[in-house]
Amino acid sequence: MQRWLAEQRIRTIYIDPGSPWQNGFVESFHSRFRDECLDREQLWTLTEARVVIEDFRRDYNQRRPHSQLGYVSPARFAAQLLPSPAPVRLRPPSAGDGQAHISPPTSTHPQTLTDGGSKK
């Protein structure tokens, strides 16, 4: 594979085995994952492992403060970036949207329809 890539003049980002300093981000995460999740649990079944790891993932990605985010959780950091939603309001009838607005008829006659359509 490496020979074919070289023939095609394609450069890869290759991490040598035993060289964690070439990818510090992943090694940092792996260290935290080991220390904060795997070393604290004794996993007996695959289902148990899935539940524990999913709990760790949610905590790490949503609730846990991160130094790169100013020691706030990713969820709070994202909420700070998004503008607060504007309240939903109906457009007032005077808003010019190019549509003709028809007002309901108003009765100026003293006799009005009050009992299902018969006049008094």
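Index from 1, following the sequence.
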Distance-only, no hydrogens or angles: does the Glu48 side chain make a donor-acceptor pair with backbone N or O of Trp44 under 3.5 Å?
yes
Could you go through Arg58 and Glu54, starting from their C-alpha distance and side-chain angles, then the distance that decides it, and tell me whether this counts as salt bridge (Lys or Arg N to Asp or Glu O under 4.0 Å)?
CA-CA 6 Å; Arg58 283 190 181 151; Glu54 178 62 16; 3.2 Å; yes
Drop me the distance from [X]'s [atom1] to [Y]'s [atom2], to the nearest 0.5 angstrom.
| X | Y | atom1 | atom2 | value |
| --- | --- | --- | --- | --- |
| Glu41 | Ile53 | CD | CD1 | 9.5 Å |
| Asp35 | His30 | CG | NE2 | 12.5 Å |
| Arg64 | Ser73 | CZ | OG | 11.5 Å |

Just checking Phe29 against Tyr60, ring centres under 6.0 Å apart?
yes
Strictly below 4.0 Å, N to O, side chains only: are Arg40 and Glu36 in salt-bridge contact?
no
Is Arg76 atom CZ crowded by more than 12 heavy atoms from other residues, nucleotides or ligands, each under 6.0 Å away?
no
For Gln68, does the CD atom have more than 12 heavy-atom neighbours from other residues, nucleotides or ligands under 6.0 Å away?
no
Hydrophobic cluster membership, Leu43 vs Phe56, 4.5 Å side-chain cutoff:
yes
Would you mind listing the cluster partners of Leu69? Hydrophobic ones only (ILVMFWY), side-chain contacts under 4.5 Å, chaining allowed.
Val72, Phe77, Leu81
